[in-house]
Number of protein chains: 2
Amino acid sequence: MCLHCNYQELLTSVNLEATESRLRVLEVVGNNSFPMSAGDIYKTLERNSTINRVTVYRILDLLVGSGIVERLSTGGRSAYYGLAPNNFHKPHPHFYCKQCGQMDCLNPDSLTVKVESLSKTFPGRIDKVEVRLDGICKNCLKQN
Amino acid sequence: MCLHCNYQELLTSVNLEATESRLRVLEVVGNNSFPMSAGDIYKTLERNSTINRVTVYRILDLLVGSGIVERLSTGGRSAYYGLAPNNFHKPHPHFYCKQCGQMDCLNPDSLTVKVESLSKTFPGRIDKVEVRLDGICKNCLKQN
DNA sequence: ATCGAATATGCAATATTGTTGCATTAAAAA
DNA sequence: TTTTTAATGCAACAATATTGCATATTCGAT
Ligand SMILES: [Mn+2]
Ligand SMILES: [Mn+2]
Ligand SMILES: [Zn+2]
Ligand SMILES: [Zn+2]
């Protein structure tokens with residue numbers, strides 16, 4: 001959970017109506033300590049109430065499009081979602097466990113990427129830099 | 001194309017029988033100057049001969065598993081494949097164009113990642129570090 | 001070279017993840 | 001309140017990848 005985030009405000013700050021469904025999706029994403037898949041988010045929401053799977057996908061697209069949620073690739077088939085970097089929440093790399101699918105957020109300073117020199121000469125537009133480490137997590141290592 | 005790669009040898013070096021299909025898949029991957037999807041590889045092979053789509057997937061799994069081909073995530077739905085880093089071919093970041101799906105290999109030195117300090121303290125096993133830049137490529141920028 | 005075992009490939013069906021079109025409901029504006 | 005717009009639900013569909021099992025190919029021993 002991000003102490004600095006009022007989800008209601010976050011939504012209105014990007015000109016999105018703070019509907020019940022959007023708030024609930026954003027809460028699940030924001031209150032989780034690690035990124036999760038659309039399926040996971042849907043299952044979490046379904047436990048306590050009812051929402052359509054498609055609505056979850058649409059809301060995630062919306063939140064990613066408006067820049068308050070970040071879509072992360074994994075070493076697996078599905079994208080994961082977490083709160084997008086902001087003033088209180090620096091960009092950081094992630095670790096993806098190939099075995100259990102768990103994704104961890106790594107310390108923003110644990111790994112440095114120097115992209116400035118490239119940005120100057122690269123002929124296209126760079127919107128995002130994603131750094132992901134793949135491997136086997138501590139727990140899964142133990143089990144083997 | 002990698003001048004240092006003899007694909008036949010490459011296969012046998014990892015104890016894989018150099019079957020016709022495997023050679024052809026590896027050639028397509030290795031001779032291409034940028035990573036491509038399983039579907040692209042399949043289409044390329046189908047143009048001149050015949051191979052089953054499933055076989056392409058299975059061979060790619062095999063090649064990735066044996067470490068001679070690298071599976072790369074994209075900002076899109078499908079994985080892309082390229083020759084895995086080796087002595088003649090340093091690890092490097094990639095650029096993915098969200099619009100046309102083209103993936104480019106960036107210069108290994110264009111972007112520095114310091115992962116040593118993390119590796120020392122991280123409790124899991126790190127097999128791979130993937131750095132991907134997402135954005136809009138030069139060509140797609142022009143068209144808008 | 002021949003036979004039997006192991007491996008590779010093909011094919012159909014299925015799974016997983018994500019998207020689209022359109023009807024319905026809820027909310028905002030007039 | 002009425003009209004208009006936006007959000008959600010539902011069913012169908014699409015793209016990508018995987019599985020099970022049948023067939024074909026290759027390998028190793030004789
Ligand atoms: Mn994170
Ligand atoms: Mn490359
Ligand atoms: Zn794990
Ligand atoms: Zn492009």
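A note on names: the letters A, B, ... follow the listed sequences, proteins ahead of strands, and every chain is numbered from 1. What you see is a predicted model; the values in this text were computed from it and never measured.
- Side-chain N or O atoms of A:Glu46 include one that pairs as donor or acceptor with a backbone N or O of A:Ile51 at under 3.5 Å.
- Rounded to whole angstrom, the span from the CG atom of B:Asn52 across to the P atom of D:dT19 amounts to 15 Å.
- Using a 4.5 Å heavy-atom cutoff, the side chains of B:Ser37 and B:Thr74 are not in contact.
- Interatomic distance, OG of A:Ser119 versus CD1 of A:Ile126, reported as 4.5 Å (0.5 Å rounding).
- Comment: A:Glu130 engages A:Lys128 in a salt bridge, judged by a side-chain N to carboxylate O separation of less than 4.0 angstrom.
- Rounded to whole Å, the distance from CD on A:Glu46 to P on D:dC10 is 10 Å.
- Listed in residue order, the members of residues 95-104 of chain A having a heavy atom less than 4.0 Å from DNA chain D come to none.
- One finds the SG atom of A:Cys97 at 8.0 Å from the CG atom of A:Leu141 (value rounded to the nearest 0.5 Å).
- Taken to the nearest 0.5 Å, the CG atom of A:Leu26 stands 10.5 Å off from the CD atom of A:Gln8.
- Side-chain contact of A:Tyr81 with A:Arg71: a donor-acceptor pair under 3.5 Å is present, judged by distance alone.
- If you take CZ of A:Arg53 and P of D:dA11, they are 12 Å apart, rounded to a whole angstrom.
- For A:Arg132 and A:Ser73, the side-chain atoms include at least one donor-acceptor pair closer than 3.5 Å.
- Residue B:Leu133 holds its CG atom at 7.0 Å from CZ of B:Phe95, rounded to the nearest 0.5 Å.
- In this structure a side-chain-to-backbone donor-acceptor pair under 3.5 Å is missing from B:His89 to B:Asn87.
- As a whole-Å value, the separation of A:Leu11 CG from D:dA6 P is 17 Å.
- The side-chain hydrogen bond (donor to acceptor under 3.5 Å, both in side chains) analysis of residues 95-108 of chain B, with sequence neighbours excluded, yields the pairs A:Asp127-B:Lys98.
- The main-chain N or O of B:Glu17 is found under 3.5 Å from a side-chain atom of B:Arg22 such that the two form a donor-acceptor pair.
- Side chains of A:Tyr57 and A:Asn52: a donor-acceptor N/O pair is absent below 3.5 angstrom, by distance only.
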Pairwise N/O distances under 3.5 Å, protein to nucleotides 20-25 of chain D:
from   : atom 1 : to      : atom 2 : distance (Å)
D:dG20 : O6     : B:Arg58 : NH1    : 3.2

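- Here A:Glu20 pairs with A:Arg24 in a salt bridge; the nearest charged N to carboxylate O distance falls below 4.0 Å.
- Of all nucleotides in DNA chain C, those with any atom nearer than 4.0 Å to a heavy atom of chain B start and finish, going 5' to 3', at C:dA8 to C:dG18.
- Sequence order on DNA chain D of the closest nucleotides to B:Ser37 and B:Glu17 puts B:Ser37 first from the 5' end.
- By the 4.0 Å N-to-carboxylate-O rule, B:Lys43 lies close enough to B:Asp40 to be salt-bridged with it.
- At least one donor-acceptor pair closer than 3.5 Å links the side chain of A:Ser49 to the backbone N or O of A:Leu45.
- Of the residues in residues 62-76 of chain A, not one comes within less than 4.0 Å of DNA chain D through any heavy atom.
- In terms of position along DNA chain C, the nucleotide closest to B:Ile51 lies nearer the 5' end than the nucleotide closest to the other residue of the pair A:Tyr81 and B:Ile51.
- Closest contact between the side chain of B:Arg77 and the listed nucleotides D:dT18, D:dA14, D:dT8 involves D:dA14.
- Terminal axes of the helix from C:dA1-D:dT30 to C:dA30-D:dT1 (five pairs each, C1' rotation axis) are separated by 30°, to the nearest 10°.
- Contact check, A:Ser21 against D:dA7: no side-chain N or O comes under 4.0 Å of OP1 or OP2.
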